[in-house]
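Here is the naming used below: chain letters follow the sequence lines, and residue numbers restart at 1 for every chain. Only a predicted model underlies this, so the values are computations on that prediction, with no experimental measurement involved.
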Amino acid sequence: MTNNDIEKKWQKKWADAKLFQSNPDEREKLFITVAYPYPSGAMHIGHGRTYTVPDVFARFKRMQQYNVLFPMGWHVTGAPVIGIADRIQRKDPWTMDLYERVHKVPKEELPKLEDPEYIVKYFSNEYHDVMSDMGYSIDWRREFRTIDPTYKKFITWQAKKLKSLGLIKQGEHPVKYCPNCENPVGDHDLLEGEGVGVNELTLVKFKVEDGLFIVPATFRPETIFAATNVWLNPEVHYIKVAVKSGACEGENWIISNEAYLNLSNQYDIEIIEDVDPKPLIGNYVENPLNGEPLPIFPASFVDPEYGSGTVFSVPAHAPADYIALRDLKENSELIKEYDIADEVAKAEPINVVTVKGYGEFPAKEVVERMEIENQNDPKVQDATDELYKAEHSKGYISDHIENYAGKRVAYIRDEIKGDMIEAKQADIMYDFAERPVVCRCGNKCVVKIMDDQWFVRYSDEEWTEKTRKLLAQENIIPEEIRPNFEYYIGWLEDWAYSRRVGLGTRVPWDDQWLIEPLSDSTLYMSYYAIAKYLKDMNPEDLNEAFFEKVFLNVDSDDIKVAPEIVEDIQNEFNYWYPLDWRLSAKDLVGNHLSFLMFTHAAIYPEEKWPKGTVVFGMGLLEGNKMSSSKGNVILLSDAIKEYSADVVRLFLMASAEPWQDFDWREKEVRGTQKRLEWFREFAQRVEDIKGSKLDLSNIEDIELTRTIDKWMINQLNAHIKAATEALEVFQTRQALQHALFLLKKDLDHYMYRVKELVDNKDPAVVYVLSTVLNNWIRLLAPFTPHTSEELWSKYGGEGFISSAEWPKYNEDLISEETERSESLVQNTVKDINEIKNMVGDNIEKVHIYISPEWKWDLYKIANDVGKPDIGQIMGRAIGQKIYDNKKEIANVAKKISREMTKTRYIGKIDEATILNDAKEFIENEVSSEVIIHTDDSYDPQNKARNAMPYKPAIFME
RNA sequence: GCAUGGGUGCCCGAGCGGCCAAAGGGGGAGGACUUAAGAUCCUCUGGUAUAGGCCUUCGAGGGUUCGAAUCCCUUCCCAUGCACCA
């Protein structure tokens, strides 16, 4: 039988025994969930880690005899699969290749992926199968997809509930939008411009004449104080538009024809006529902030696509403006053409921002330092980036600017913007941070303001406060990310609740919209508790009254489900809730995990609030970021075939703590595999050593006398303790360090120490090894359940190991004294060999001198004093008359003072017995005869006086 | 830029006031076993030292302390997130 076969065998046995089907009972419950996957591709080892952590924890808690519920569902709502299906339909080569080669979809299945619903069905089935192959202890009766009619009913209730609480409202919001498709577009729908942000710009109104404005857009409204002129590009097609409604109603603006596309999606504007820029050049506009007249100049760098296609010039602080002005001053032809000689001559940079490291005109400095040739030099962008960054982070408004002087640029910007909007001197517009942004249909995208969008009001103060309280009561693992949660909960603005495209549930009161997919995943852990009942019910019966009763115990005449069934369902919910642990990836802290907290805080009473959150790190593959789209992944199903589920689980759990990034390195996975094989062989070896059938449920108890045997049991107990404590807080790596690696190291050491006894079936050794194995199989069961089941059944364990009792440690069997005894032996061997190396090897006898009683007394005194204070130690030692040679006491006290910073005092240990116990071993290790002295009757070189507690003196001859 | 986390030996990574020249793995060197290879086990892997010692090291600089990889300040560098979406 291969390992894969063995694993399959146990998975079937677990399923047949319904081992992981959890129902309410008398035991203490534990409810753990992990963010359900969005199955748009095959499961890879990164996902493997995510779902193995809760399984390990669930199995651990189950062995501690908790009633554990670990369910799973499929988040299939959202837009990505729509795009994927579309690309498959178009036979987009990159997508086809990705799904055939990376996700390994069989050729005959591939065409079927044209249907988005088929995609999620296909991959959620794939996930289900791989999760089973991994041996996850999931209660599959509660499995669902988020487009199941019953689930949609649940979401409908949730939506209405939030709305009735006043937490959903309608509003406006800028989105990436394709005018051709007439739809908002997500990043995955773009051909170009993925990840490009939408920036908020200030549209500043420079008056040309009453009611007519040139409206340049800027990131830096504070620089308006230093404007010297306005730029128009003579080669650009400008138009005049009328604003038909809103705060700017009745105004006419001059913008570029290209800007119209974007701006018309944000303002209610209408084109009046074309505008020839040339006659405008040389005319004046009015600076809204200070009423200064500013001339209009020509510039070729003005991009008609960005903002409004016009620019106001700040030569002191904007490199492009500085160069454009310099170019213009040198271009007599242009000056003549537009007859602007006086104006150009007068135009000089004006300072507005003071920034450390720069003088009065930073733009001039940067341009000159970078040796920028002219306004079309690509280095202009670098110069701009540098200066914008510096002025934003370190700049202050200069002293001559009224009202704002001395304020930090970073803080004052929004204030200036707000003041100007209030005074109708400016307004807001949005534009992309980078271009181009192209929809998959091939058209350029714009920023559109959607004004009938629904929002969840996460900005609501009262709600935020309640959520903060929820957070404060929660366990967060790792604790370090709690500040992140605090930050996000405070920072979250209103969240767009509705979308136009994708799979999902309709907004109940406005069915042109779908509920945004992150918003249908904020309360669904409750659904797991009851999913097994709902599966076979008529969705039409699941009205709001039903959910109100089940979750909130609100009575109603409208409930259509039979009362006794409702009661069962309600009881089950009340049994499992609140959720004990929620697990999810790091990148969901700022949205999903926070939303979950918000929603629970809003809908449920405090006793139903979640109790713990665990956040995951990411996965690396041989040191590189894992990414399906780049093909840099290993599918979990392949890894299972190659190494077996237990090896994959073991590696994923051992290589990093859940919240750290793990790195899948083939070499180390092989190492893990060998380790597990070693463990299987070890079990067999114990039986071989025993020489008869090993029966783990019937280990003959015997009294241990040898130090080394006690030491091994001591180590076992210490490792059980450490592993247990680590697992309680999800430290899978730490737990495995003890439960596998360090325990193995100790066992290796033990076997080495007792190698002479192993052949004689020494009863103490057999007892120790059987006890170790008995505990060890159980210790590893959460991590390698299949291997543990196999060994457990093979060597006489009772029942399934999955429900066996978690090893208990005996605190009395863990003592520092025992630990120190063995290190005394080890250190002595080490010291002897070290000296031997230096002295040469014509050594026949090694004499070991043990520290006399009075030195132990002195050590104790030194320890009581607690500081290397020789005077005080001496005083007490003499007072207690521990020894009559004061000079010798002083010498030793000095040594102890130094030593005690390195070796902690744990009380006296019986060094004579310990060393005599290990005499044979030491002799073997140092290949000489060893004589252990408790006095200095034979001490030709006067070495015995070097003997110190925990460190015997050594003499060789 | 803002927020959070982090910089440790050849590499990955633990440690977070004194048992720290620093766990554990990987890699490397040597040894045992074996006809040999592999597997396994043992030892070593900062420098130096003919009696168990000494010296230097935990991004850089400064400080607190009898004592700092660990605490405080300054500084440099790296990772992640910053939203309409899984």
Side-chain angles (χ1 to χ4, degrees), chain A residues 35 37-38 40 75 77-81 173-176 184 186-188 197-198 388-390 392-394 410 450 453 455-456 478 480-488 491-499 502 516-519 521 585-592 617-618 620 623 654-657 659-661 663 665 667-668 670-672 674-675 677-678 681 733-734 736-738 740-742 745 748-749 751-752 755 816 820 823 827-828 830-840 867-869 897 899-906 925 941 943 946 950-956:
Chain A
Y38 182 78
S40 64
H75 189 218
T77 36
V81 285
H173 189 76
V175 293
K176 281 180 199 166
D187 267 346
H188 34 264
V198 172
Y388 277 28
K389 215 169 160 179
H392 175 71
S393 58
K394 295 181 198 143
M450 306 289 283
Q453 171 74 282
F455 287 88
V456 193
E480 288 80 51
I481 59 129
R482 184 183 294 278
N484 270 337
F485 276 107
E486 280 163 2
Y487 172 78
Y488 278 117
W491 166 84
L492 273 168
E493 297 288 335
D494 294 344
W495 179 266
Y497 187 70
S498 45
R499 288 223 56 178
E516 180 275 323
L518 281 183
S519 302
S521 304
K586 210 189 269 180
D587 49 337
L588 298 182
V589 168
N591 46 54
H592 165 71
M618 304 283 157
L620 302 176
S655 60
E657 300 294 6
W659 45 91
Q660 297 173 327
D661 297 345
D663 191 359
R665 289 172 188 252
K667 243 182 189 149
E668 304 202 12
R670 291 273 171 225
T672 306
K674 276 188 217 154
R675 205 49 60 94
E677 273 159 23
W678 172 90
E681 283 160 19
R733 176 194 160 94
Q734 175 79 353
L736 272 174
Q737 282 290 314
H738 289 280
L740 183 54
F741 301 101
L742 296 175
K745 203 169 161 20
D748 285 342
H749 178 67
M751 296 296 271
Y752 189 66
K755 58 177 183 264
E816 273 189 292
R820 201 57 84 73
S823 47
N827 291 338
T828 306
K830 210 171 152 187
D831 284 349
I832 293 171
N833 280 331
E834 213 168 288
I835 298 167
K836 251 182 137 176
N837 277 340
M838 282 186 283
V839 178
K867 271 193 190 180
D869 180 340
S897 300
E899 195 61 30
M900 66 180 290
T901 64
K902 287 198 237 160
T903 312
R904 196 152 49 94
Y905 179 77
I906 58 151
E925 289 299 291
Q941 283 190 21
K943 295 281 187 196
N946 291 334
Y950 310 120
K951 200 170 176 65
I954 294 162
F955 166 59
M956 297 182 192

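Residue contacts for A:H75: at a heavy-atom cut-off of 4.0 Å it reaches the sugar-phosphate backbone alone, with no base atom in range. Contact annotation for A:G78: backbone-only contact, meaning every heavy-atom pair under 4.0 Å involves sugar-phosphate atoms and none involves a base. Across all strands, A:L588 comes closer than 4.0 Å to base atoms (heavy-atom distances). A:A953 comes within 4.0 angstrom of a base, heavy atoms only. Across all strands shown, A:Y950 has no heavy atoms under 4.0 Å from either base or sugar-phosphate atoms.
Of the C1' atoms belonging to B:G9 and B:A22, the separation is 9 Å, rounded to the nearest Å. The P atoms of B:A79 and B:C85 are separated by 27 Å, rounded to the nearest whole Å. B:C12 and B:G27 have their C1' atoms separated by 11 Å, with the value rounded to a whole Å. Distance check on atom P: B:C41 versus B:G25 gives 11 Å, rounded to whole Å. Across B:C11 and B:C20, the matching P atoms stand 23 Å from one another, rounded to whole Å. Atom C1' of B:C10 sits at a distance of 25 Å from the matching atom of B:A49, rounded to the whole Å. Between B:A29 and B:A39, the two P atoms lie 13 Å apart (nearest whole Å). Only the P atoms considered, B:A21 is 32 Å distant from B:U40, to the nearest whole Å.
Of the candidate nucleotides B:C85, B:A51, B:A83, B:C85 has the atom lying nearest to any side-chain atom of A:L518. For A:N484, whose side chain is taken as the heavy atoms from C-beta onward, the closest listed nucleotide among B:A51, B:A3, B:G26 is B:A3. The side chain of A:D748 has B:C41 as its nearest neighbour among B:C41, B:G26, B:G52. In the set B:C2, B:A83, B:C12, B:A83 carries the atom at the smallest distance from any side-chain atom of A:E493. Among the nucleotides B:C41, B:C44, B:A23, the one closest to the side chain of A:K830 is B:C44. Closest to the side chain of A:M956, from the set B:C41, B:A83, B:A51, is B:A51. Taking the side chain of A:Q660 as heavy atoms from C-beta on, and the options B:A23, B:G52, B:G13, the nearest nucleotide is B:G13. Here the nucleotide nearest the side chain of A:K674, chosen from B:G52, B:C42, B:U40, is B:U40. Taking the side chain of A:Y752 as heavy atoms from C-beta on, and the options B:A3, B:C41, B:C84, the nearest nucleotide is B:C41. Side-chain proximity of A:P483 to the nucleotides B:G24, B:C84, B:U4 is greatest for B:U4.
Nucleotide B:C12 holds its C1' atom 9 Å from the CZ atom of A:R733, rounded to whole Å. If you take CG of A:D661 and P of B:A14, they are 11 Å apart, rounded to a whole angstrom. Nucleotide B:U4 holds its P atom 13 Å from the CD1 atom of A:I481, rounded to whole Å. Between A:D663 atom CG and B:C11 atom P the separation is 15 Å, expressed in whole Å. Between the CH2 atom of A:W659 and the P atom of B:G5 there is a distance of 15 Å, given to the nearest Å. Summarising the geometry, the separation between CZ on A:R675 and C1' on B:C41 is reported as 12 Å, rounded to the nearest angstrom. Computed from coordinates, the A:K667 NZ to B:G26 P distance equals 11 Å when rounded to whole Å.
In this entry B:C66 has B:G18 as its Watson-Crick or G-U wobble partner, both defining distances falling under 3.5 Å. Pairing partner, B:G5: B:C78, with both Watson-Crick or wobble hydrogen-bond distances short of 3.5 Å.
Taking for each of A:E516 and A:E657 the nucleotide of RNA chain B with the nearest heavy atom, the 5'-most of the two is the partner of A:E657. Summary of the strand contacts: A:Y488 and A:S498 both lie near RNA chain B, and taking for each the nucleotide with the nearest heavy atom, the more 5' one is attributed to A:Y488.
At most 12 heavy atoms of other shown residues, nucleotides or ligands fall within 6.0 angstrom of atom NZ in A:K745.
Geometrically, A:R675 does not engage A:F741 in a cation-pi contact, judged by NZ or CZ lying under 6.0 Å from the ring centre and within 45° of the ring axis.
A:E657 places a side-chain N or O within donor-acceptor distance of the main-chain N or O of A:Q734, the cut-off being under 3.5 Å.
Stacking between A:W491 and B:C2 is absent: the ring centroid is not both under 5.5 Å from the six-membered base ring centre and under 30° in plane angle.
Ring geometry, A:Y488 versus A:W491: the interplanar angle exceeds 60°, so the pair is classed perpendicular (tilted spans 30 to 60°).
At the phosphate of B:G24, OP1 or OP2 sits under 4.0 Å from a side-chain N or O atom of A:K745. The side chain of A:R499 places an N or O atom within less than 4.0 Å of a non-bridging phosphate oxygen (OP1 or OP2) of B:C85.
Partners of A:N827 according to the side-chain hydrogen bond (donor to acceptor under 3.5 Å, both in side chains) rule, which considers only residues two or more places apart in sequence or in another chain, do not exist here.
A:I832 and A:M956 make their closest contact through O-CE, 3.2 Å (heavy atoms, listed as atom of the first residue, atom of the second, distance).
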